[in-house]
Amino acid sequence: MLEKSFSELELTRLKKLREMQDKNLQPYPTRAKQTHTSLEAIEAFEKSELENDDAPIKVTLAGRIRALRTMGKIAFAHIDDREGRIQLFFRVNDLGEEKMAELDKFFDLGDFIQASGHMFRTRRGEVTLYVHDFLMLSKALRALPAAKDEVVEGKVVRHATLTDPETRFRQRYVDLAVNPDVREIFKTRAATIRALQYFLDEHDFIEVETPILQPIYGGAAAQPFITHHNQLHQDLYLRVSFELYLKRLLVGGLERVYEIGRDFRNEGVSYKHNPEFTQLEFYWAFADYLQVMDFAEEMIAFAAKKVLGTTTILFDGHEIDLSPPWKRIDLRQGILDSTGIDIEAHQTADSLEAALFAKNLKPKPGSTRGKLIDLLIGDFLEPNCIQPTFIYNYPRDISPLAKSKPEDPSIVERFEGFVGGMELCNAFTELNDPLDQEQRFLEMGRAYEDGDEEQHPMDDDYLNALSYGMPPAGGFGIGVDRLVMLFSGRRSIREVILFPHLRSVTEEE
RNA sequence: GGGCGCGUAGCUCAAUGGUAGAGCAGUGGCCUUUUAAGCCAUUGGUUGGGAGUUCGAGCCUCCCCGCGCUCACCA
């Protein structure tokens, strides 16, 4: 029962609520009114000041009380609404003893209030609502964490703000209510997705939706979540990528498609991994990975400009310039430069493994040549790619859906983009040869038998689709959460996901 | 999953193994242009949970729960 969980402080608030009801005052009225936001009201007043217009600016504001200073016959409050904060001024001469007492008796920090009156400027110069009437919109029984703002030399300094990550993420509603910069992150996130959609739409891509529940998962090296359809008696997987469905659409003649949505990977959680995360993938018929590379850096720079107004971002202490062209490093050359190992000279896993041991690296026993190369990328290339960098030309055996280079079948036309020392995107010239694709599936099947649980299962329907002919195409995937991390300067993915996954806590009675 | 660290009032934090405290929030007063309002008074704790060592545990030991960092895996 809710009431049993209340602290002494919360019971005090509950008592106020009951007293209001006794006086026929609604703690939760059905309707509210808001003619202006805080910002609109301030702007309207400042405009009238500039124009020397004496006509009163009459407004009705609504918001959450964040500060309340009662001083006998007058009172000041600050309320928050979606556009910011504004001060309210109450005076007994205008409101009457009874109404003034209402404010003092029933209103607490965190309550929603509706106040109407006219705008004016206080002696200290703050544009403020002179309240003629006010009303409770919603009584808050629990107190928000007490935070106070102090303005020191024009900068807002916040005192005793909510910082405990567990409370912030488990009770994100409290975090959002109390920390305005958190609200900003999610405005940035929404704007980022809009900008990406706008860019792709303008280039004749169409946005589609493909199944999240899939009988066969694929398209990425990852372990899936498994669920079950009761009536069909069928196990289903939550998708790990959109890739195989989107490419089926290329077969169907949708030449340019994209999807923005959730992927689910049953793997480790970290500052850059959440079990469910948002991905953007697009597929572009008659293009190859080099065209996709140009297009991708253009798209990301466009989004930055649109969302932030600049392509220069600050991330993890680094100033990063997202404007094209990005640095491009051939994978073989990059590894050679950073480790002295020439992967070209080590055509077998055994030979490359020996070279790694010689460098004091300890790869997992039985790793394939591709896995070893992946290890080198992760250890030596990725952390150093602070400024945007494309690494291209990957080994075939870790890229089962990418097309080989015509002149070297062991290398595929694939690139990954890195920013801030973090992998951001992955793309390739898509494999459209059904017979070659079948071979790749079979090889992966053997790797799966050998204990590599991240390999794809065979997807016969996908091979069937390719057999009808898929146009040559370039494909691209980007972690949207990570892009938002970059745009908002947050180092943890949990900061940019509204409700990041946390271990569930069992409530004791 | 491994390693390291953290968990004290609603929030932010103190407290040699020896009576659990402060600021803010709350409550009662005073206060007609304040703004981290101020002044006076005051409430609030199973120190994450459990066991142990000890005359005595917030502090030491063990187990459990949660969070953070990090390694592994991945994007």
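Every chain is numbered from 1, with letters handed out A, B, ... down the list of sequences.
- With a 6.0 Å cutoff to the six-membered ring centre and a 45° limit on the axis angle, Lys403(A) does not count as a cation-pi contact of Phe428(A).
- The phosphate of C67(B) has OP1 or OP2 within less than 4.0 Å of a side-chain N or O from Arg170(A).
- Nearest nucleotide to the Leu502(A) side chain, out of U34(B), C67(B), A36(B): C67(B).
- Checking U27(B), U33(B), C11(B) against every side-chain atom of Thr122(A), the shortest atom distance belongs to U33(B).
- For Gly268(A) and Thr161(A), each mapped to the nucleotide of RNA chain B holding its nearest heavy atom, the one lying further toward the 5' end belongs to Thr161(A).
- Using atom P as the reference point in both G58(B) and A15(B), the two lie 15 Å apart (nearest Å).
- Closest to the side chain of Met71(A), out of U34(B), A75(B), G68(B), is U34(B).
- Nearest nucleotide to the side chain of Gln87(A), out of A75(B), U34(B), G66(B): U34(B).
- Across the protein-nucleic acid pair, Glu243(A) atom CD and A75(B) atom C1' stand 13 Å apart, rounded to whole Å.
- The closest side-chain donor-acceptor pair between Ser488(A) and Glu495(A), if any, does not fall under 3.5 angstrom.
- In this structure, the nucleotide among A75(B), U34(B), U12(B) sitting nearest to the side chain of Asp164(A) is U12(B).
- In this structure, Glu416(A) reaches neither bases nor backbone, as no heavy-atom distance under 4.0 Å exists between it and the strands shown.
- For the pair Asp374(A) and Lys371(A), the salt-bridge criterion is not met [side-chain N within less than 4.0 Å of a carboxylate O].
- Put simply, Phe76(A) does not rest on the base of A37(B): the two rings are not both less than 5.5 Å apart at their centres and under 30° in tilt.
- Residue Leu109(A) places its side chain closer to G26(B) than to any other of G66(B), G26(B), U34(B).
- Between the side chains of Asp81(A) and Ser38(A), at least one donor-acceptor pair of N or O atoms lies under 3.5 Å.
- Taking every side-chain heavy atom of Phe120(A) into account, U33(B) is the closest of G68(B), C11(B), U33(B).
- Checked against U70(B), A37(B), A75(B), the side chain of Phe277(A) finds its nearest nucleotide in A75(B).
- Comparing the C1' positions of A9(B) and G44(B) gives an interatomic distance of 6 Å, to the nearest angstrom.
- If you check G26(B), A75(B), U32(B) against the side chain of Glu423(A), the one that comes closest is A75(B).
- Note: CD (Gln223(A)) to C1' (G1(B)) measures 13 Å, nearest angstrom.
- Each of U12(B), A37(B), G26(B) was ranked by its minimum atom distance to the side chain of Lys148(A); first place goes to A37(B).
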